[in-house]
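What follows is a single structure, written as structure tokens, with notes after it.
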Amino acid sequence: MICEVRHVRRCEMGRRKDGKAKTKLQGQALTPRQRMVGDEKEGSSGDARKKSTKRKERTKHKEKSERAEKDVKKAKAVKSKSVESFDDDVRVHSAVLDEPEDGNFVPNKRGKKRKRQEEPIEGPSTFKMNNLKEEDEASSGAKEKSRKMKKPKEEEGACPVTTKKSKEEKGECPVTTKKKSKEEKGECPVTTKKKSKEEKGECPVTTKKKSKEEIAAGKALKIKKKEEEEQQRWRWWEEAKYEDGVKWKFLEHKGPHFPPEYQPLPDNVHFYYNGNIVKLSLAAEEVALFYAQMLDHEYTTKEVFRNNFFKDWRKEMTLEERMLITDLSKCDFGELHAMHVEKVEARKAMNKEDKLVIKEANQRIVDEYGFCMLDNHRERIGNFKIEPPGLFRGRGEHPKQGYLKKRIQPEDVIINCGKGSRVPEPPAGHRWKEVRYDNTVTWLASWTENVQGSCKYIMLNPSSKLKGEKDWEKYEVARRLKSCVDRIRLQYQQDLKSKQMVNRQRAVALYFIDVLALRAGNEKEEGETADTVGCCSLRVEHITLYDRLEGSDCVVEFDFLGKDCIRYYNKVPVTKRVFKNLKLFMENKEPGDDLFDRLNTGLLNKHLSSLMPGLTAKVFRTYNASITLQEQLRKLSNGTANQAEKLLSYNRANRAVAVLCNHQRAPPKTFDQSMANLQSKIEVRREQLTLAKSELTLAKKEVKGHCSDSKLLALVERKKKAVQRCEEQIMKMEVQATDREENKQIALGTSKLNYLDPRISIAWCKNMEVPLEKIYNKSQRDKFAWAVDMTQTDFIF
DNA sequence: CGAACTACTTAGTATTGCGGAT
DNA sequence: ATCCGCAATACTAAGTAGTTCG
């Protein structure tokens, strides 16, 4: 069935020109989270147009040899048009739009960086079900609802209320009070393996055999460790900030950790070509193994992936090998794959001691490379490991998937550290590409990755000062937006009537960003990445206008792939003015043309920062997410509920945000199973409850007969307790089931980690008397230590 | 000015490993 | 003791946005 659907869709896509057929079909048959699954023939990108000379690295893989002539023609056409329209644009800036609604204005069609994807023709139908999600009304309905919830524009107009308290809250001008001098001088002796699982101090009930003392001792130890850790914590938020641009004064680290060298295959594992054993050179063998290891993965069924891999693999081969191996389908990686599977199994089946040995070895690596000294404090590094080589796993229909991601050598790595610090030693026999001493950046090491030509950095852990400070600042900017968002909204409502096209487009885009929490939508280089869009890069084909739909007027249907190729699908009623403008923007355009042809993120952000210092498009997402959480918590939570219910309402508030921000996940593979398990558990409990109840009545009866036999009375009490316990447990499980079901394809983590001001959650926990551990795990508490420390019950975002 | 370059945040998925159930 | 389910963590791709360069 799915295949059928897919087939149909392909056909439709084949004539995507009209835009409509495609969109409609997607809306019906595909799921909200549909990744563009596709068809890789011809690398899916047919357009020769390259707007500019790209970086050298970037051109490397650009052998788009076979290109349909018509595409070239089309590209040329577009190009010339774009030149034309540029002039036009200049004029129009000052041009007057007298009757724009009547369509006097002819929108130009500037070809931006992106280019139309070549239409899929056919391909292996390896449609992975579990990447799909059923499109259900419920979910889009929920989205709309959540949208409405935060719509009330002037409702929270009373924002100034916040200012009162927030003053000292934010401690904008942190006094330099060095309270904690403790570790200050102690130089942080490299002790404290903070690996401790003190996490849940509540349940010391590990092994029953342990004596009471042992348990107590363990508990005490944990508490002590916790305290120690707390004392060690750098309370940077109480210190003065550095002058502009300076990120640190002293930085010392051991450099990145490199992955182990490649281990050649054992002699009994063979690669076959065309049925014959072929002993590959080391380099070619390593790359072959990368592929063999992925054989179970859907990637290896994709044409683009296979072609890209093969192309890059052949580059690693010796001349001889290259002559011989010319067809991927004649390659047999079976034994390599089997060896890999075996290894994985063996690792799983390892006994405890061996596992411990490995664990300890890993720990030693962490101890050595995982920390740095930054301004007298020992900070955790986030990713201290150089990314190992492998095959590039781009998301969605990425044109570069399958290319070889090369092994990084010390000679590729730039080290950044403090002047006067001990410069990290390169691995024996090697040297660094460069050592620099730049304290205006936060990275410790960087290298250029070969597939996309972009930079990779080694940076600190989220719990570090450098990250925390930035995070705090982010939420403060969002809170500032709160106090002027009404003005800004008023302004863009006005701009919807502007005589200048660019202003109208900006206003509509801003409306989307504000109301729907869309991302900004930077331009992307065509053919270099999957075809995804954000607000400013929306194309005509991504929206459909309905004068009337499902009981609402002026409905816009969005259907596009956003970041990470996550589908955004939503039907939203908009104001008449926005609707009219959209119609105007779409006039005389092809489906593949930009909706906001006069706008880009730079322009938009420039405008925004003129309205409020520090304001950019993404601040709206932060602001709307946090304010939604706050509102929802207020609405949903009930101080008299029990803990499970309170947590459910928290999760629901969190969920409203995740829906708003379109944070999705693949439903866990075991979802249905585990749901069923939970249900059957509930059933069992129910039976127990019935039983307990009848026992209780029986006991009561007996009491009545024998007046007050103390034994019987005790029995009744016991039975009562049992009934109660059962009820509680059932309730708890039911709440859990609800929560899990609602969470099936929603990811809460992203918003919790990146969009929700932690102080809202912390204040809520305090007010609701819910332990913070129920909301934030250990690393989240570390990340938000600044907020945990400073937040009082009266915090208002 | 726009493209390129750089730095840093945000994102979903894969892997790990813990604790409870058996 | 082992298995299993899930939460936590690791990983790295893919965004945003500021700065520099031609």
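Per chain, numbering begins at 1; letters A, B, ... match sequence-line order.
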| query | Would you say E342(A) has more than 12 foreign heavy atoms packed within less than 6.0 Å of its CD? | reply |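 Not more than 12 within 6.0 Å, no.
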| query | For K606(A), does the NZ atom sit with more than 12 other heavy atoms under 6.0 Å from it, leaving out its own atoms? | reply |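 Result for NZ/K606(A): open.
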Using only side-chain N and O atoms of [X], determine if any of them is under 4.0 Å from OP1 or OP2 of [N].
{"X": "S779(A)", "N": "dT9(C)", "value": "yes"}
{"X": "K467(A)", "N": "dT9(B)", "value": "yes"}
{"X": "H297(A)", "N": "dA14(B)", "value": "yes"}
{"X": "Y755(A)", "N": "dT9(B)", "value": "no"}
{"X": "K470(A)", "N": "dA7(B)", "value": "no"}
{"X": "K359(A)", "N": "dC18(B)", "value": "yes"}
{"X": "R781(A)", "N": "dA8(C)", "value": "no"}

| request: Give the B/S/- string for nucleotides 12-22 of chain C, one per nucleotide from 5' to 3', where a protein heavy atom under 4.0 Å of the base yields B, of only the sugar-phosphate yields S, and otherwise -. | output: SSBSBBS----
What is the distance, to the nearest angstrom, from the [atom1] atom on [X] to the [atom2] atom on [N]?
{"X": "I458(A)", "N": "dC8(B)", "atom1": "CD1", "atom2": "C1'", "answer": "15 Å"}
{"X": "E298(A)", "N": "dG12(B)", "atom1": "CD", "atom2": "P", "answer": "18 Å"}
{"X": "W248(A)", "N": "dC8(B)", "atom1": "CH2", "atom2": "P", "answer": "11 Å"}

| note | For residues 454-468 of chain A, the salt bridge (charged side-chain N to carboxylate O under 4.0 Å, His left out) pairs (sequence neighbours left out) are E387(A)-K456(A)
| When we call it a touch if two heavy atoms are under 4.0 Å apart, what does K348(A) touch: a base, just sugar-phosphate, or nothing? |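 No contact.
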| Which is true for T442(A) with a 4.0 Å heavy-atom rule: it touches a base, it touches only sugar-phosphate, or it touches nothing? | sugar-phosphate
